[in-house]
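A short worksheet on the structure shown next.
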Number of protein chains: 2
Amino acid sequence: MTEAHPEPPAAEAAPSRRQPRKSAPTIYDIAELAGVNPSTVSRALGKPGRVSAKTEARIRAAAAELNFRVNPIARALPTGRTNTLALVVADITNPMVFGMVRGAEHAATAAGFTLVIAESQESGETESAAIEQIMPSVDGIVLATTRLGGERIADIADRKPVVLINREVAGVPSVVSDVEVGVRQLVTHLHALGHRSIAYLSGPPASWISERRWASLLDMAEELDLALVEIGPSPPTIEGGRAALRRVLASRATAVVAYNDLMAIGVMKEAAERGTAVPGELSVAGFDDIFGSDLISPPLTTVRAQLVTAGERAVARLLAQVVDGEVPPPDAPLATELVVRGSTGPASAPNAG
Amino acid sequence: MTEAHPEPPAAEAAPSRRQPRKSAPTIYDIAELAGVNPSTVSRALGKPGRVSAKTEARIRAAAAELNFRVNPIARALPTGRTNTLALVVADITNPMVFGMVRGAEHAATAAGFTLVIAESQESGETESAAIEQIMPSVDGIVLATTRLGGERIADIADRKPVVLINREVAGVPSVVSDVEVGVRQLVTHLHALGHRSIAYLSGPPASWISERRWASLLDMAEELDLALVEIGPSPPTIEGGRAALRRVLASRATAVVAYNDLMAIGVMKEAAERGTAVPGELSVAGFDDIFGSDLISPPLTTVRAQLVTAGERAVARLLAQVVDGEVPPPDAPLATELVVRGSTGPASAPNAG
DNA sequence: CTGAAAGCGCTTACAG
DNA sequence: CTGAAAGCGCTTACAG
């Protein structure tokens with residue numbers, strides 16, 4: 001029955017490619033080399049001072065010789081701690097998330113934690129699935145501008161420490177921007193330029209922060225007696241902005257405030273193609289001050305958010321829960337600030353409505 | 001000795017905050033509920049068809065009832081497989097990496113793998129440390145435009161499957177761009193516009209791809225009998241580009257080709273501030289075609305790279321090693337393509353040299 | 001097809 | 001201070 005040249009088992013023979021290369025040294029290897037019990041190795045390499053100085057020295061020497069690195073996943077099993085944090089964003093390629101990613105990365109790395117970034121791709125279901133998948137592997141989760149419903153978020157926060165960015169849910173810690181200050185500055189600026197009719201291009205339907213921006217705009221419109229319309233919701237992308245231009249124009253608003261800079265850029269691109277002058281015929285403003293906002297011509301007037309700081313703070317608050325087991329009292333919202341550039345100018349003509 | 005009110009152990013009592021919330025159900029819980037041995041649960045939930053249909057149904061029902069998710073880190077310990085891949089990039093906030101990240105993310109997610117992104121922050125040491133830290137937790141690593149030396153890379157590849165992006169090291173699989181085609185198109189374009197003297201702004205010192213770009217430029221310069229100088233190396237950032245403008249101008253070159261779009265944008269910003277007309281007095285071109293390249297004014301002429309595809313392919317090749325245990329033969333380099341926009345124009349004046 | 005056992009690489013009470 | 005043992009939640013030969 002056996003053939004002349006039986007196929008060698010996959011694991012064997014093959015030069016070096018199929019094989020799980022050098023398998024990493026373990027604490028047992030160190031224990032043997034140092035002549036101690038593995039548990040002593042574990043202690044020596046963990047919190048210091050629990051082992052005699054000379055034993056520790058011997059163990060460290062052995063560890064160095066073998067080039068030992070503790071296996072984080074083996075450590076995670078008994079401790080339940082993975083030393084990993086997750087950051088969930090809607091779209092990794094949206095420049096708006098860079099700042100948050102960078103801030104979160106730094107804060108996590110500084111604390112010796114690894115950050116994994118998951119993408120929801122602007123879909124609540126994808127987001128939910130991504131979170132379920134990542135949850136057992138991390139010690140806590142930062143949810144940035146999420147699509148999830150409040151109950152779902154509360155449910156997740158029930159299972160792992162969670163910090164929200166730009167969203168509020170009862171009982172879940174969050175880091176938010178103080179939308180109002182920036183919006184006040186923006187609307188005041190537009191009003192001073194003679195604008196009396198403004199359109200707001202809203203973002204994703206479930207966006208808490210888009211809601212907040214709208215609400216602040218409405219407050220200001222009432223205060224300054226301006227006409228204000230909401231157009232949307234639209235996808236928070238360049239395409240979303242482009243697609244909305246006709247409605248903006250049709251509304252006879254002389255200024256448009258987009259949910260974010262990406263949409264504002266889309267409006268400007270479409271306007272350029274259609275021959276609508278910015279800011280001559282239409283003033284345009286956005287939110288966030290992303291990379292690219294000062295590149296476009298005219299450069300974009302926008303309400304700058306402290307994205308890096310938001311990422312840092314979110315991780316810091318998460319770490320407070322994860323390592324200290326306590327949720328710190330909420331700190332003040334992050335200030336926003338109007339950055340006036342060329343895309344806003346004097347109102348062209350009185351509202352023709 | 002015992003006090004009247006001994007402090008309760010931290011684990012107890014506390015309302016709900018310090019506590020490792022709902023602890024997740026395990027296969028033991030399922031086994032008990034379904035009346036089978038845990039090993040049978042493991043089989044039923046793993047590869048199908050190893051357990052009788054009715055037993056499997058019972059087990060699945062129990063798993064669903066308990067809302068069971070296999071614990072990936074517990075699974076990783078006996079199998080040695082984490083179902084996680086790492087992507088190491090120099091700088092997460094460089095728009096150049098978006099495309100790669102997106103492509104890699106998609107390919108990884110589609111295969112049921114989690115992608116973790118690590119940042120080297122343009123430093124070889126940070127990169128090395130980040131890799132050491134992440135290595136035990138992942139099944140394989142994509143190294144994008146790395147700062148590491150060839151020996152170090154070979155050493156890493158010896159321990160885990162590795163795929164390189166835009167770099168070549170003997171024995172390590174890679175995904176590279178076909179620099180030559182794009183450079184040929186670019187230099188031909190500049191030559192046709194009358195440019196006879198070109199400056200190349202090189203990127204990071206150890207950058208393999210910057211080297212390749214320079215080498216292709218040199219080939220073309222010889223072929224078309226053009227003057228060519230290298231300026232740099234410089235940081236691959238907007239700042240790096242800005243800082244180089246004076247040297248570019250001093251060189252009397254009529255066109256400058258930057259290592260990447262970020263640097264090209266820096267050159268343009270600095271030129272705008274100094275009143276140097278682009279492309280009137282100086283033509284500018286870059287590489288990659290990042291977000292923002294078509295936003296700046298004039299829009300940037302650039303050699304577009306297939307970044308998304310590069311990310312996808314790199315992960316695909318990594319997966320081939322990780323799951324199939326084989327390294328597929330190298331495929332053809334990814335095509336590059338010249339995108340002509342407004343930042344390049346007729347040469348201003350003959351080289352005054 | 002299914003159970004009982006051993007093991008992945010650590011950590012951590014429990015003794016001494 | 002240090003050793004011996006049990007356990008984290010899985011997987012996978014080994015039997016039957």
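Naming convention: chains lettered A, B, ... in sequence-line order (proteins, then strands); numbering from 1 in each chain.
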D:dC10, OP1 or OP2 - any side-chain N/O from B:N71 closer than 4.0 Å?
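The answer is no; no side-chain N or O of B:N71 sits under 4.0 Å from OP1 or OP2.
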Quick one: is B:N37 getting a side-chain N or O under 4.0 Å of the C:dA4 phosphate, OP1 or OP2?
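Yes, B:N37 has a side-chain N/O under 4.0 Å of OP1/OP2 on C:dA4.
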C:dA13: pairing nucleotide in any strand, Watson-Crick or G-U under 3.5 angstrom
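C:dA13 is paired with nothing.
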Does C:dA4 have a Watson-Crick or wobble partner in any strand here, with both distances under 3.5 angstrom, and which is it?
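Pair assignment: C:dA4 / none.
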Starting at [atom1] of [X] and ending at [atom2] of [N], how long is that distance when rounded to a whole Å?
| X | N | atom1 | atom2 | result |
| --- | --- | --- | --- | --- |
| B:E32 | D:dG9 | CD | C1' | 16 Å |
| A:R75 | C:dT11 | CZ | P | 4 Å |
| B:N83 | D:dT11 | CG | P | 11 Å |
| B:L77 | C:dT11 | CG | P | 12 Å |
| A:I59 | C:dC10 | CD1 | P | 13 Å |
| A:L45 | C:dG9 | CG | P | 16 Å |
| A:I73 | C:dG7 | CD1 | C1' | 13 Å |

Mark yes or no for whether [X], through its side chain, and [Y], through its backbone, hold a donor-acceptor pair below 3.5 Å.
| X | Y | answer |
| --- | --- | --- |
| A:R58 | A:A34 | yes |
| B:E127 | B:R147 | yes |
| A:N37 | A:S39 | yes |
| B:T82 | B:S137 | yes |
| A:D139 | A:L85 | no |

Atom pair OG1/CD1 of A:T84 and A:I134 - distance to nearest 0.5 Å
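Answer for the OG1-CD1 pair, A:T84 versus A:I134, is 9.0 Å.
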Nearest 0.5 angstrom please: B:L318 CG to B:L164 CG, how far?
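Rounded to the nearest 0.5 Å, the CG-CG separation comes out at 11.0 Å.
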Salt-bridge present (A:E125, A:R152; N to O < 4.0 Å)
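Looking at A:R152 together with A:E125, the answer is no, because their closest N to O distance does not fall below 4.0 Å.
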Scan residues 128-137 of chain B against DNA chain D and write down, sorted by residue number, each residue with any heavy atom closer than 4.0 Å; if none is found, say none.
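Heavy-atom cutoff 4.0 Å gives no residues at all.
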Any residue of residues 51-58 of chain A with a heavy atom less than 4.0 Å from an atom of DNA chain D
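Output list: A:V51, A:S52, A:T55.
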Should we count CD of B:E32 as having more than 12 external heavy atoms under 6.0 Å?
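Result for CD/B:E32: open.
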Report yes if a donor N or O on one partner sits less than 3.5 Å from an acceptor N or O on the other, where the partners are the side chain of B:Y28 and the base of D:dC8; otherwise report no.
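Answer no: no donor N or O sits under 3.5 Å from an acceptor.
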Taking atom types as they are modelled, is there a donor-acceptor pair under 3.5 Å from the base of D:dA4 to the side chain of A:S39?
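Counting by modelled atom types and ignoring angles, a donor-acceptor contact under 3.5 Å is found here.
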Please give me the minimum heavy-atom distance between A:V176 and A:N166, naming the atom from each residue.
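Heavy atoms of A:V176 and A:N166 come nearest at CA-OD1, 3.6 Å.
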Toward the 5' end of DNA chain C, by each residue's nearest nucleotide, B:A76 or B:R50
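Result: B:R50.
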If you check the B:R43 side chain, which of D:dC14, C:dT11, C:dG9 turns out closest?
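Between D:dC14, C:dT11, C:dG9, the one nearest the side chain of B:R43 would be D:dC14.
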Sugar-phosphate, base or nothing in reach of B:S42, heavy atoms under 4.0 Å
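Base, at least one base atom sits under 4.0 Å.
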With sugar-phosphate meaning primed atoms plus P, OP1 and OP2, does A:T79 contact a base, only sugar-phosphate, or nothing at under 4.0 Å between heavy atoms?
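Answer is sugar-phosphate: A:T79 comes under 4.0 Å of backbone atoms only.
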